[in-house]
Participant: 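A single structure is presented below for examination.
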Amino acid sequence: MTESFTAATGSDATGITSAPGRAAELESSLSALIERIAAACRAAGRDPGEVRLLPVTKFFPASDIEILYRLGRREFGESREQEAAGKVAQLGRLSQIRWEFIGRLQRNKAKSVARWADTVYSVDSDRLAAALDAGARAALDDGIRTTPLRVLLQVSLDADPERGGVRDAALHALADRVAGSESLQLAGLMAIPPLDVEPDAAFEQLARIHAALTSVHPEANELSAGMSGDLESAVRHGSTCVRVGTALMGARPITSA
Ligand SMILES: *Cc1c(COP(=O)(O)O)cnc(C)c1O
């Protein structure tokens, strides 16, 4: 018999139930992933405590997030505003749960995201930074947030506008702008390697860009690099946060998003 998982336990139960077997599946893929990250750290001569795992739960139901929460995870990466806002409404009262927005963000969604996200990973323009600044300020004034919105700047490693990211030449001005806002907190950099470049080359370039930035903004110490397919390379090149979807959750439905 398949073991079924009852999510509705504990003082902050949500009443959400999940498919039988899913809890065991996620528990086993989570422990394999934690071991994989630890092995990558050992191979790179780094302390596993230096590399945070951000589970990426886009396209997967709130019940999966609740299972991961019961397994001790507190941070979840989402990349589509509407989907994420729905999950926040379902699960937002679980204590210490934090939502991190990792996807491309349109300015007209910035106000919503600034209400519930702890961190936005994909800030790549002054206009987006201004929209998040205004949204975070309003949320702070209304008491919806109590802390500034943490911001990672997304760096473009190939200048492809479709993939997002700020060019190296414009990075420092954008960093100054975010660091100068009281409602935003400059936390670091994020990048997605171009498809046609070796991850090692891309992450090495990113590490150089990050070192130059932290020499001016030491507080920008987070470097979010590495996904299911390339996290070992990212860890070798100083990643402090791997964003992992497929290797933890399974395959997502194929979409253009
Ligand atoms: C979906 C997504 C991920 C996770 O990718 P996997 O290859 O499934 O691990 C990481 N980062 C961003 C920005 C994403 O949109």
Side-chain angles (χ1 to χ4, degrees), residues 25-26 28-40 51-62 64-65 68 73 75-88 98-106 109-110 113 117-125 128 132 149-158 160-166 187-200 202-203 206 209-210 222-257:
E25 194 172 274
L26 285 175
S28 120
S29 63
L30 177 62
S31 59
L33 178 59
I34 289 170
E35 179 44 44
R36 181 177 162 198
I37 295 168
V51 181
R52 184 166 70 93
L53 164 63
L54 179 66
V56 174
T57 46
K58 65 189 182 199
F59 291 99
F60 287 91
D64 280 359
I65 298 179
L68 292 169
R73 310 315 302 185
E75 298 153 14
F76 300 95
E78 289 282 338
S79 66
R80 302 187 306 164
E81 185 273 333
Q82 236 187 337
E83 176 189 337
K87 292 173 183 174
V88 173
R98 285 198 299 281
W99 304 94
E100 315 215 339
F101 192 86
I102 63 173
R104 298 206 65 187
L105 180 58
Q106 292 167 303
K109 306 283 174 62
V113 169
D118 180 77
T119 308
V120 174
Y121 282 59
S122 48
V123 175
D124 61 357
S125 74
L128 178 56
L132 286 169
L149 178 64
R150 296 176 74 244
V151 163
L152 273 67
L153 305 180
Q154 183 177 352
V155 181
S156 168
L157 299 175
D158 62 354
D160 177 353
E162 282 300 306
R163 296 169 64 79
V166 59
L189 295 184
M190 182 275 258
I192 302 170
L195 294 171
D196 55 352
V197 175
E198 280 296 313
D200 273 325
F203 291 136
L206 177 64
I209 294 169
H210 188 232
E222 179 120 71
L223 181 59
S224 179
M227 311 190 284
S228 293
D230 57 15
L231 71 84
E232 283 79 6
S233 169
V235 166
R236 266 198 299 283
H237 293 97
S239 175
T240 63
C241 167
V242 294
R243 308 175 309 274
V244 181
T246 312
L248 176 62
M249 311 299 295
R252 290 183 289 275
I254 294 164
T255 69
S256 57

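All ligand and atom numbering here is 1-based and tracks the order in the structure. Hydrogens, waters and symmetry mates are skipped; everything else that's a heavy atom, side chains included, is used.
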Participant: What residue and heavy atom of the protein are closest to atom 8 (O) of ligand 1, and at what distance?
Facilitator: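 That would be Thr246 OG1, 2.6 Å.
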
Participant: For atom 12 (C) of ligand 1, what's the nearest protein heavy atom and its distance?
Facilitator: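 Heavy-atom neighbour on the protein nearest atom 12 (C) of ligand 1: Ile102 CD1, 3.5 Å.
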
Participant: Would you check the N or O atoms of Gly245, main chain and side chain alike, for any that come under 3.5 Å of an N or O of ligand 1?
Facilitator: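 For ligand 1, there is an N or O atom that lies under 3.5 Å from one belonging to Gly245.
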
Participant: If you measure from each heavy atom of Arg252 to ligand 1, is any distance below 4.0 Å?
Facilitator: yes

Participant: Yes or no on side-chain contact (heavy atoms from CB on, under 4.5 Å) for Arg36 and Glu232, after CA distance, side-chain angles and deciding distance?
Facilitator: CA-CA 8 Å; Arg36 181 177 162 198; Glu232 283 79 6; 2.7 Å; yes

Participant: What heavy-atom pair brings Phe59 and Lys87 nearest, and what distance separates the two atoms?
Facilitator: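 Nearest heavy atoms, Phe59 then Lys87: N-NZ, 4.1 Å.
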
Participant: With rounding to the nearest 0.5 angstrom, report the CG to CD distance, Leu30 to Glu25.
Facilitator: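 Taking CG in Leu30 and CD in Glu25, the distance rounds to 12.5 Å.
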
Participant: Please report the closest heavy-atom contact between Ala191 and Arg243, naming both atoms and the distance.
Facilitator: O-NH2, 3.6 Å

Participant: Which residue owns the protein heavy atom closest to atom 9 (O) of ligand 1, what's the atom, and how far is it?
Facilitator: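 Of the protein heavy atoms, Ser228 OG, 2.5 Å lies nearest.
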
Participant: At what distance is the nearest protein heavy atom to atom 11 (N) of ligand 1, and which residue and atom is it?
Facilitator: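 Protein heavy atom with the smallest distance to atom 11 (N) of ligand 1: Arg243 NE, 2.9 Å.
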
Participant: Looking only at protein heavy atoms, which one is nearest to atom 2 (C) of ligand 1, and what is the separation?
Facilitator: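 Among all protein heavy atoms, the one nearest atom 2 (C) of ligand 1 is Lys58 NZ, 2.6 Å.
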
Participant: List the closest protein heavy-atom neighbour of atom 10 (C) of ligand 1: residue, atom name, distance to the nearest 0.1 Å.
Facilitator: Met227 SD, 3.2 Å

Participant: Say whether, by atom type as modelled, one donor and one acceptor occur between the side chain of Thr246 and the main chain of Ala251 under 3.5 angstrom.
Facilitator: no

Participant: Closer than 4.0 Å to some heavy atom of Ile192 - which atoms of ligand 1 meet that?
Facilitator: 13 (C)

Participant: What atoms in ligand 1 come closer than 4.0 Å to a heavy atom of Val244?
Facilitator: 9 (O)

Participant: Return the minimal non-hydrogen interatomic distance between Leu33 and Leu231, and the atom names on each side.
Facilitator: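 That would be CD1-CD2, 4.1 Å.
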
Participant: To the nearest 0.5 Å, how far apart are OG in Ser239 and NE2 in His210?
Facilitator: 10.0 Å

